[in-house]
Number of protein chains: 2
Amino acid sequence: MTTSTPGGTTSTQRTRLTPEQRRSQLLDLGVRLLATRSLDELSIDLLAEEAGISRGLLYHYFGNKHDFHEAVVRRAADDLIAQTAPPVDGEPMVRLTTSLTAYVDYVSANYEGYLSLVKAAAGGNETLREIYEEAREALNGRVFRPDAQSEIVPDTPATRLVVRGWSAMTEELVLSWIADPSGLTRDELLEVLASSLLAIMATVPGLPES
Amino acid sequence: MTTSTPGGTTSTQRTRLTPEQRRSQLLDLGVRLLATRSLDELSIDLLAEEAGISRGLLYHYFGNKHDFHEAVVRRAADDLIAQTAPPVDGEPMVRLTTSLTAYVDYVSANYEGYLSLVKAAAGGNETLREIYEEAREALNGRVFRPDAQSEIVPDTPATRLVVRGWSAMTEELVLSWIADPSGLTRDELLEVLASSLLAIMATVPGLPES
DNA sequence: TCACTCTATTGACGCATTTTCAATAACGGA
DNA sequence: TCCGTTATTGAAAATGCGTCAATAGAGTGA
């Protein structure tokens with residue numbers, strides 16, 4: 001004799017949203033929660049409670065915990081790329097500076113979102129790393145110019161490598177600076193970032209004069 | 001009727017080690033296994049099987065899975081610091097170069113161990129990050145000189161920040177270079193790393209002439 | 001205003017993995 | 001050779017992920 005009355009005495013009050021609203025809510029929440037915790041420190045229980053939903057609903061929208069994480073990271077990455085797009089034309093260095101400024105301001109404004117992205121990259125599986133790599137590549141690619149000779153940096157294996165390094169430095173600098181801005185103003189930070197790209201490039205052996 | 005004969009027919013053969021030996025074995029194994037998997041992809045079952053022990057024993061030595069992870073990361077960090085210690089005296093730049101060389105060679109030789117350290121840092125909880133921070137700090141500190149005026153870089157908030165950035169670049173460059181060494185020889189890489197530290201420092205505003 | 005349909009949402013169950021703990025057996029000393 | 005200490009075990013409890021049939025909001029047509 002199986003009494004099947006889910007809910008029991010106190011019938012729970014449901015709030016029914018459109019799929020897009022719910023999905024969006026969950027992703028936003030995920031970005032926030034995953035900025036400070038790692039994935040396995042985040043229980044579905046907590047997530048569901050914070051969102052005010054049942055555990056089951058998460059599985060309706062995202063297949064499982066990892067897929068959810070992936071979706072969260074992808075949202076953070078897309079957001080980053082979209083909001084830091086460089087201007088289509090102008091002087092190369094001006095374009096770079098503009099893009100850099102947008103990057104610094106974006107990370108300042110979306111510290112949590114950016115952290116969930118970065119953390120996922122190092123800690124996570126192949127897919128997560130790919131999402132991060134893609135975002136990183138999109139940012140790095142702005143340093144090179146597919147067209148014309150107006151590129152800031154010549155495109156060789158060595159410079160590709162070094163730009164990766166500069167990119168890592170930029171990320172670390174911006175995150176650390178936000179955590180403790182004493183020592184540099186925002187503009188000084190930007191100046192250091194832009195100048196150091198050129199300065200570092202000058203140390204790479206065997207490059208044609210720019 | 002509860003037959004309580006653990007082991008059943010085939011009595012298992014135990015190998016009894018001293019606590020230090022066992023701890024060491026488990027940590028080494030952990031470093032190796034966590035280089036390619038993330039913590040939740042590593043089951044205690046697998047770990048126990050690889051080590052040739054029962055699941056229970058792991059909990060005797062390390063309280064739980066996370067504590068084990070922490071111990072693994074701490075070992076990797078200690079190892080790194082010990083093996084890349086700079087010479088006690090000599091020209092500042094020579095000491096730096098020596099230490100840098102040791103760093104590059106260490107990461108080359110211990111790619112897996114270094115990866116478990118780095119992955120843990122970014123992906124993990126507060127404690128893990130602290131362990132990484134500590135190691136990073138120990139490495140960065142070598143750029144500054146607590147004594148005398150023979151320091152390579154003056155010690156100010158701004159330079160502290162920038163050295164962090166340079167350090168992140170170094171890590172990224174070395175890891176990427178190991179993954180794909182085309183483009184630069186080992187010596188060229190070292191040259192780029194050392195020179196770029198100076199080059200980047202030159203871009204920091206408001207520093208006394210060195 | 002009232003069925004009626006569609007589907008967002010739920011809660012309990014099944015399963016895998018972690019964690020606990022009393023029982024067991026290897027080693028060293030007398 | 002016996003004995004005590006403690007490294008080690010295995011089974012059972014606890015915890016957390018994932019599934020699924022059942023439930024209830026919200027719009028629609030009469």
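Sequence lines set the chain letters: A, B, ... in the order given, protein chains first and strands last, and positions in each chain run from 1.
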#### Entry: 5′-ward residue of the pair B:R55/B:R14 relative to DNA chain C
B:R55
### Query
Between B:N64 and A:R22, who's closer to the 5' end of DNA chain C by nearest nucleotide?
A:R22
What is the distance, rounded to the nearest whole Å, between atom [atom1] of [X] and atom [atom2] of [N]?
X: A:L17; N: C:dT9; atom1: CG; atom2: P; result: 5 Å
X: A:H66; N: D:dG18; atom1: NE2; atom2: C1'; result: 13 Å
X: A:L57; N: D:dC17; atom1: CG; atom2: P; result: 16 Å
X: A:L26; N: C:dA8; atom1: CG; atom2: P; result: 13 Å
X: B:D45; N: D:dG10; atom1: CG; atom2: P; result: 12 Å
X: B:I53; N: D:dT9; atom1: CD1; atom2: P; result: 7 Å
X: B:H69; N: C:dT19; atom1: NE2; atom2: P; result: 14 Å
X: A:E49; N: C:dT9; atom1: CD; atom2: C1'; result: 17 Å

### Message
Is the phosphate of C:dC21 approached by B:Y59 (side-chain N or O, under 4.0 Å from OP1 or OP2)?
### Response
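B:Y59 to C:dC21 OP1/OP2: no side-chain N or O under 4.0 Å.
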### Task
Ignoring backbone atoms, establish whether A:H60 has a side-chain N or O less than 4.0 Å from OP1 or OP2 of C:dA8.
yes
So [X], base contact, sugar-phosphate only, or nothing? Heavy-atom distance under 4.0 Å.
X: B:L47; value: nothing
X: A:F62; value: nothing
X: B:F68; value: nothing
X: B:I44; value: sugar-phosphate

#### Entry: Distance in Å, A:E134 CD paired with A:I81 CD1, rounded so as to fall on 0.5 Å steps
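Nearest 0.5 Å value for the CD-CD1 distance: 7.0 Å.
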### Reported CG-to-CG distance for the pair A:N110 and A:L80, which is rounded to 0.5 angstrom
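CG of A:L80 is found 9.0 Å from CG of A:N110.
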### Query
Do the side-chain N and O atoms of A:Y111 and A:Y106 include a donor-acceptor pair separated by under 3.5 angstrom?
no
### Task
Verify the distance criterion only: is there a donor paired with an acceptor across the side chains of B:Y59 and B:R55 at less than 3.5 Å?
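Side chains of B:Y59 and B:R55: no pair found under 3.5 Å.
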Closest to side chain of [X], choosing from [options]:
X: B:R16; options: C:dA26, D:dT9, C:dC6; value: C:dA26
X: B:S43; options: C:dT18, D:dT8, C:dC6; value: C:dT18
X: A:S54; options: C:dG11, D:dC17, D:dA26; value: C:dG11

#### Entry: Stepwise side-chain hydrogen bond (donor to acceptor under 3.5 Å, both in side chains) test for B:S24 and B:R75
CA-CA 9 Å; B:S24 211; B:R75 151 161 294 212; 3.3 Å; yes
## Note on the structure
When A:L42 and B:T15 are each assigned the nearest nucleotide of DNA chain D, the 5'-most assignment goes to B:T15
